[in-house]
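Encoded as structure tokens, the structure appears first; notes follow it.
To find a chain, count down the sequence lines: A is the first, B the second, and so on, and within it residues start at 1.
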2 protein chains.
Amino acid sequence: MANIHDVARAAGVSISTVSYALSGKRSIGEETRKRISAAVRDLGYRPNAGARMLAGTKTHIFAVTAPLHAETYAPAHMAFVLAVTQAARTHDYDVLLLTEDEATAGLQRVAASRLVDGIIVLDVARDDERTRLLHEIDLPSTVIGIPDDTEGLVCIDLDFRRAAELSLERLVEHGHRSIGMLGHPPRVYERGSNFPHRFRAGFRDAADALAVRSAVALPGHGPAGVRAALNELYEQLPDMTGLVMNCEEPIQTSALDELADRGIEIPRDLSVVSACSSFDTSRFSPPLDVIPLVAADSCVRGVELLVEQLVSDVEPHVELVAPQFLDRGSIVTPTPTSGRN
Amino acid sequence: MANIHDVARAAGVSISTVSYALSGKRSIGEETRKRISAAVRDLGYRPNAGARMLAGTKTHIFAVTAPLHAETYAPAHMAFVLAVTQAARTHDYDVLLLTEDEATAGLQRVAASRLVDGIIVLDVARDDERTRLLHEIDLPSTVIGIPDDTEGLVCIDLDFRRAAELSLERLVEHGHRSIGMLGHPPRVYERGSNFPHRFRAGFRDAADALAVRSAVALPGHGPAGVRAALNELYEQLPDMTGLVMNCEEPIQTSALDELADRGIEIPRDLSVVSACSSFDTSRFSPPLDVIPLVAADSCVRGVELLVEQLVSDVEPHVELVAPQFLDRGSIVTPTPTSGRN
DNA sequence: CTGAAAGCGCTTACAG
DNA sequence: CTGAAAGCGCTTACAG
């Protein structure tokens, strides 16, 4: 494997010139630069990662701490891991994966051994021991998601509260006054995930502010659990004409099946919004209006915020990504016959 | 951050003694070892990762190349990434994640820069450019999954062919002579995933060898696609009394729903096996006999094979993990009324 | 059982 | 615009 001396020899320059030519940290003569490029290409030279870490100030590796536990919804989670990894690559960073079984120990290990330049925290809980550890660790970090206590942290996420509000606004604009919310299974709220709480709180607050009748139901396990939750909504809101779903794909699919079975037609009898969904709702039947949860949005910016911390001070703060509403025709103005269950 | 000199000074020894004490590569006096341990603990010392890579022969990092593309079934895939990461940690290895958009370029990059000591290939296709690249790269590697051409590779995976055979054997032992297989959607076979082909081929060969009537149907999209596939099976095998499902959870769930809708009771009217499933079939109604696909099995051994290559020559070979059959009561002896559709 | 020292392959002041 | 050299923090023969 060629090293920097081989390149320098082949190009007829010193190793420092090779190093500067590759890093671009000082200007190099046109002729010289060409010879170096040619030598690098011919020899297939890549700087040795260990030497680069040791001599330089950067390792060019970020740690991504992701629980990946059984409770997480895999497709959404994988999208975030993927988005972070791809975003990091655009900054010439590789990603080291730290899993739950080693969450805090792993962070301490990679920090103390200077293996990584920064940390991305994924799937943060409302009260998360990893965020506590970040204060003690001498490394920049970005949290994707908003824990309850954000002091001293750089956090970014979709604005779930605003997404709930936006969903309701759209329904209210069309004249809906009785609106239900189908949420995640109860255990999702219990285990302390941050975003379902934020969405639900946003829904309740917006319903109050908009003075609409509202109810929230959380589905139990399987299609039967979804059916029970829909029953609950129609019980509490016999005149329900609008439904906001903030839950994973299998539950939304079950809900649509169940509504169809009951002869409730969307949007004629019920206007529906799929909120903060990381999957494609355009292939549902019918296609649903959606506020998409785009992993890349938060992750690209999150990685950017991490890279910024490497070169300058970034004040701890929370950044919220504005939700976008995609109209697919699943909201209409309710008619006198709407809402019959 | 404390370095090895700080530890040596605190313990009153030379840095080489500290290094040897930590690596265990030569014996250290009882007294000395204690003083060094104490100093390490007091100072919170961790060897600098870059220095360790540069001076030593190992980086203590493995690359995991995982497509993570839209077509992969996320829950199963995530389980494998997690299992590899955890297995690597037991050997004091961290895992660097390489994604599809950079599959071969990433492998070349980490190999040439000596960032990693070895490579784990996940979700290998029958014809995969990554396996071709492995031959050119001067790094040990293990492939989880069996591509068509395994020459020069160390591969490990569940024995999908044997799993298909075992499923049929169980059904045949109970007296079934007309057995259908519900597979993955056609695009899964088309895109070249390795294991669905192996299972289907195993199913066909075993059906021939056991001289049972058999048919294979692949579901289209959604519940309607599953329904059509079941129709196809009952058309080709009007007397079908046994069903082997080798597909992901949503499809199996749909199939069970559809069978229930038709009044086909399991196992009374149809004996069912869920084969090579990475999800829990004990919560299905009814619970299904299953040959589980356990990510940890292949990954623990796969990482072990990679670690072995670091210290000695390992001949290229294919290792197959023997499938286990879990009986949950979804296979019974067919009665004269069984199989009525 | 332990130490002094070379060397891994870079980056980056320092110097011109 | 370019070069000579120190130094990053380890590991590992070499020596005793």
Worksheet item: Which pairs, with at least one residue in residues 4-29 of chain B and sequence neighbours excluded, count as a side chain to side chain donor-acceptor pair (under 3.5 Å)?
Response: B:D6-B:R9, B:S14-B:S16, B:S14-B:T17

Fill in: side chain to side chain donor-acceptor pair (under 3.5 Å): pairs with one or both residues in residues 36-62 of chain B, sequence neighbours excluded
B:R52-B:H60, B:R52-B:D92, B:T59-B:D117

Worksheet entry | Integer-rounded Å distance: C:dC8 C1' and B:L115 CG | 16 Å

Fill in: Within residues 30-38 of chain A: residues closer than 4.0 Å to DNA chain C (heavy atoms)
none

Discussion item. The criterion is side-chain hydrogen bond (donor to acceptor under 3.5 Å, both in side chains); which residues satisfy it with B:R33, sequence neighbours excluded?
Written reply: none

Item to complete: Could you give me the stems involving DNA chain C, meaning stretches of three or more consecutive Watson-Crick or G-U wobble pairs whose two defining distances are both below 3.5 Å?
Response: C:1-3 with D:14-16, C:5-12 with D:5-12, C:14-16 with D:1-3

Worksheet item: salt bridge (charged side-chain N to carboxylate O under 4.0 Å, His left out) with A:D127: which residues, sequence neighbours excluded?
Response: A:R132

Fill in: Residues that A:R126 engages under salt bridge (charged side-chain N to carboxylate O under 4.0 Å, His left out), provided they are two or more places apart
A:D148

Worksheet item: Which residue pairs pass the salt bridge (charged side-chain N to carboxylate O under 4.0 Å, His left out) test when at least one of the two sits in residues 307-321 of chain B, sequence neighbours left out?
Response: B:R301-B:E308, B:R301-B:E319

Worksheet item: What residues, two or more places apart in sequence or in another chain, satisfy side chain to side chain contact (heavy atoms under 4.5 Å, CB included) together with B:Q86?
Response: A:T99, A:D101, B:L82

Practice prompt. List the protein contact pattern of nucleotides 9-16 of chain D with one symbol per nucleotide (5' to 3'): B for base contact, S for sugar-phosphate-only contact, - for none; contact means a heavy-atom distance under 4.0 Å.
Written response: BBBBBB--

Practice prompt. For residues 150-160 of chain B, pull every pair meeting side chain to side chain donor-acceptor pair (under 3.5 Å), keeping only residues two or more places apart or in separate chains.
Written response: B:D157-B:R198

Item to complete: Check ring-ring contact (aromatic ring centres under 6.0 Å, His included) between B:H77 and all other residues, then give those that pass, not counting sequence neighbours.
Response: none

Discussion item. Tell me whether B:T142 contacts the main-chain N or O of B:G302 through its side chain, where contact means a donor paired with an acceptor under 3.5 Å.
Written reply: yes

